[in-house]
Amino acid sequence: MRILFLITTLMSALFIGGCKAAPPSPIGQIVQTTTGPVKGLTEDFGISYRGIPYAASTAGEMRWTLPKPRANWSKPFDASAFGAACPQDKGGKDDWIMDEDCLVINVYTPKGTTDVSNLPVLLWYHGGGLRGGRGDVDGAALASKGMVVVSLNYRLGRLGFMDWAGWNKDDVRNFGMADMVAGLDWVQDNIGSFGGDKDNVTIAGHSAGGMAVQLMMVAPDARGKFARAMSHAGYSTWPCPPAMNPSAQMRTRMKYSSLENLKKQSVDSLVGQTPHFILPYIGGSDLPLQPAEYFKSGEQARVPYMSGGNSYDGAGVLFGAGFSVENYLEVWAAHGDKIKALYAEDFAVNDGQAAQRLFGDHRYIQAARLTTREMKNVNQPGYLFYFAQTNEGQPGAYHGQEMGQAWGRDETPLQTYWLCFIKTGTPNCDDSLADWTAYNKADDNWMVFTHDAPDMQSGVLREKLDLIEGVEGLVWP
């Protein structure tokens, strides 16, 4: 018996020693992805990897087709610079290189990250009205606070969102939306190699990026690929069109023209505007119904959700969307007396201020309230905010004004709530800040950000938003 005990003890020691886990490996400049190695850039905060191709997008072949897997590469891909921006005629900077081969993703990892860190992941969708912008955010500050930050490009304008009468109803209309899903797939397949946790992904975005988040909330192909969502100034309650219906000649020209020739054509032929702005198309297999209808019927993703907007969110955006003060107010003519009463303080200044305030509430704030309210349908918390922190001389917080606080190096109350939500699924993990309770319709409770400490308030804009939400069938000029 004694001999048997000694043999058993020896075998146990050998087994434990032989199966001892290897120490975690630090994330280095070169990381292996499913398509090949990528070489990043060492920076003060950690390592950045920019411009990694996440899907194939060959000019010509890529137009109005689903994103394809990239061909594998063997030599380390140089990920030290942002890739080309997707073609656009609005929002691009003069020094941007634009190319149809633009489906690239960027990753920021903090110092000390290892292959078993399992850090929370933030996936950012950029704004720009679905017709401009690119995913070249500076992820250094947030990455340094304990997460892996990811951003990406997606196809824009008519290259990203295209439809015409006669397409099969089962066809996809919104190729930019398909790109967004492909980016999520890449994160699921690869983020572990960068020290991220694929089961702890938060999707977030502002403006068109906020709309992108709301689209991912209702996209069947995105289900199970993110754990929570944050939509700043999304506008998924704005009615999406059923068809563009260009001529056969225009379709042929758009399909086979070079990018340079397309840029010389009329703006509506490729990457320009509808009469107002680019929107996703409904009726295809990817988005059969209006996005808001999915929230109302409880068909959105079952994840914690945060949404909100700013107190003067329509500043400038009204005009960028193709409206004038006069024709936008004309849209509301049938409700003119109520609008003038509810926005009396703005009308007392001038019609322009009133129109921009109303536009911001109409396009952004109302969408935030509706989508957050309807999270009750899937038994998930919805956290609603109103950012009203203004600078001297401003009538309110402009479109995107809160983004500097969210992404900055100095921690602000807004950023603290962000960090808590990204890491834990609730904004409440810092006892120094007011508890942010999930929205319920009876209390109509919002977290309000001013120059004072943020606090919960009830009934923010209730009369205005009730009027806006109750009006259907607005006719655009």
Q: State, with a plain yes or no, whether a side-chain heavy atom of Met211 is found less than 4.5 Å away from one of Pro280.
A: yes
(Q) Applying salt bridge (Lys or Arg N to Asp or Glu O under 4.0 Å) as the test, list every pair that has at least one member in residues 198-224; sequence neighbours left out. (A) none
Q.
Does the plane of the ring in Phe77 sit parallel, tilted or perpendicular to the ring in Trp73? Use 30° and 60° as the thresholds.
A. tilted
(Q) Looking at Arg70 and Asp101, is there a salt bridge between them, counting it only when a charged N and a carboxylate O are closer than 4.0 Å? (A) yes
(Q) Using ring centroids (six-membered ring only for Trp), state whether Trp436 and Trp446 fall under 6.0 Å. (A) no
Q) Ignoring hydrogens and geometry, is there a side-chain-to-backbone donor-acceptor pair from Asn106 to Gly51 under 3.5 Å? A) yes
Q. Quick one: do the Gln188 and Asp185 side chains pair a donor with an acceptor below 3.5 Å?
A. no
Q | Pair His362-Tyr328, side chain to side chain donor-acceptor pair (under 3.5 Å): steps then yes or no | A | CA-CA 11 Å; His362 177 198; Tyr328 180 67; 2.8 Å; yes
Q.
When you compare the side chain of Cys429 with that of Tyr417, does any pair of heavy atoms fall below 4.5 Å?
A. no
Q.
Are Thr372 and Met306 packed together at the side-chain level, in the sense that at least one heavy-atom pair is separated by less than 4.5 angstrom?
A. no
Q) Does a donor on one side chain and an acceptor on the other come within less than 3.5 Å for Gln300 and Gln380? A) no
Q.
Could you check whether Thr237 and Gln366, counting side-chain N and O atoms only, form a donor-acceptor pair closer than 3.5 Å?
A. yes
Q) Looking at residues at least two apart in the chain, or sitting in another chain, which of them share a side chain to side chain donor-acceptor pair (under 3.5 Å) with Asn118? A) none
(Q) Quick check: closest heavy atoms across Pro87 and Leu156, and the distance to 0.1 Å? (A) O-CB, 4.0 Å
Q. Is any side-chain heavy atom of Val187 less than 4.5 Å from a side-chain heavy atom of Lys225?
A. no
(Q) Checking side-chain polar atoms at under 3.5 Å, does Thr416 have a donor or acceptor matched by the opposite partner on Glu411? (A) yes
Q) If only atom types and distance count, is the side chain of Ser311 paired as donor or acceptor with the main-chain N or O of Gly396 below 3.5 Å? A) no
Q: Could you tell me the separation between the NZ atom of Lys145 and the CD1 atom of Ile422, rounded to the nearest 0.5 Å?
A: 11.0 Å
Q. Can you find a heavy atom in the side chain of Ile365 that is under 4.5 Å from one in the side chain of Tyr386?
A. yes
Q. Looking at residues at least two apart in the chain, or sitting in another chain, which of them share a ring pair (Phe, Tyr, Trp, His ring centres under 6.0 Å) with Phe387?
A. none
**Q.** Gap between atom CG of Leu122 and atom OH of Tyr108 - 0.5 Å precision
**A.** 11.5 Å
**Q.** Test of ring centre spacing under 6.0 Å for Tyr364 and His232
**A.** no
Q. From Asn190 CG over to Thr34 OG1, what is the distance, rounded to the nearest 0.5 angstrom?
A. 4.0 Å
(Q) Ignoring hydrogens, what is the shortest heavy-atom contact between Gly128 and Ala208? Give both atom names and the distance. (A) N-CB, 3.8 Å
**Q.** Ring geometry between Phe194 and Trp186 (parallel below 30°, tilted from 30 to 60°, perpendicular above 60°)
**A.** tilted
Q. Which pair of non-hydrogen atoms, one from Thr424 and one from Thr426, has the smallest distance, and what is that distance?
A. OG1-O, 3.0 Å
Q: State the CZ-CE distance between Arg173 and Met162, to the nearest 0.5 angstrom.
A: 11.0 Å
Q. Which heavy atom in Ala434 sits nearest to a heavy atom in Met447, and how many Å separate them?
A. O-CE, 3.9 Å
Q: Under the side chain to side chain donor-acceptor pair (under 3.5 Å) rule, what do Gln214 and Ser231 come out as? Steps first, then yes or no, please.
A: CA-CA 7 Å; Gln214 292 163 345; Ser231 173; 3.2 Å; yes
Q. Asn377 versus Met375: any side-chain heavy-atom pair under 4.5 Å?
A. no
(Q) Would you say NZ of Lys39 has more than 12 non-hydrogen atoms from neighbouring residues, nucleotides or ligands within 6.0 angstrom? (A) no
Q) Is the shortest heavy-atom distance from the side chain of Lys296 to the side chain of Leu370 under 4.5 Å? A) yes
Q. Looking only at heavy atoms, what is the nearest atom pair of Cys420 and Pro427, with distance?
A. CB-O, 3.4 Å
Q.
I'd like to know if the side chain of Tyr305 pairs up with that of Thr371 as donor and acceptor (distance under 3.5 Å, no hydrogens or angles considered).
A. yes
Q) Quick check, are the ring centers of His206 and His126 under 6.0 angstrom apart? A) no
Q: Determine, using ring centers only, whether Tyr383 and Tyr439 are less than 6.0 Å apart.
A: no
**Q.** Distance-minimising heavy-atom pair for Gly139 and Trp407
**A.** CA-CZ3, 4.1 Å
Q | Trp64 and Tyr281 aromatic centres sub-6.0 Å | A | no
Q. Any salt bridge between Arg155 and Asp179, counting N to O under 4.0 Å?
A. yes
Q: Ignoring hydrogens and angles, tell me if any N or O in the side chain of Gln405 forms a donor-acceptor pair with the backbone of Gln415 under 3.5 Å.
A: no
Q: To the nearest 0.5 angstrom, please state how far the OG atom of Ser207 sits from the CZ atom of Arg363.
A: 6.0 Å
(Q) If we count only N and O atoms by modelled type, under 3.5 Å, do the side chains of Glu402 and Asn310 hold a donor and an acceptor together? (A) yes
**Q.** Check: Gly133 main-chain N/O paired with Gln88 side-chain donor or acceptor under 3.5 Å
**A.** yes
Q) Are there more than 12 heavy atoms of other residues, nucleotides or ligands under 6.0 Å from atom CG of Asn72? A) yes
Q. Between the side chain of Asn153 and the main-chain N/O of Gly135, is any donor-acceptor distance below 3.5 Å?
A. yes
Q.
Is the ring pair Trp418/Trp124 parallel, tilted or perpendicular, if the boundaries are 30 and 60 degrees?
A. tilted
Q | Pairwise distance NE2(His451) to CG(Asn391) - rounded to 0.5 angstrom | A | 6.0 Å
Q | Backbone N/O of Gln32 and side chain of Ser193: donor-acceptor pair under 3.5 Å | A | yes
Q: Evaluate the ring planes of Tyr398 and Tyr312, with Trp represented by its six-membered ring, and classify them as parallel (under 30°), tilted (30 to 60°) or perpendicular (over 60°).
A: tilted
Q) Considering only heavy atoms from C-beta outward, does the side chain of Leu184 approach that of Ile203 to under 4.5 Å? A) yes
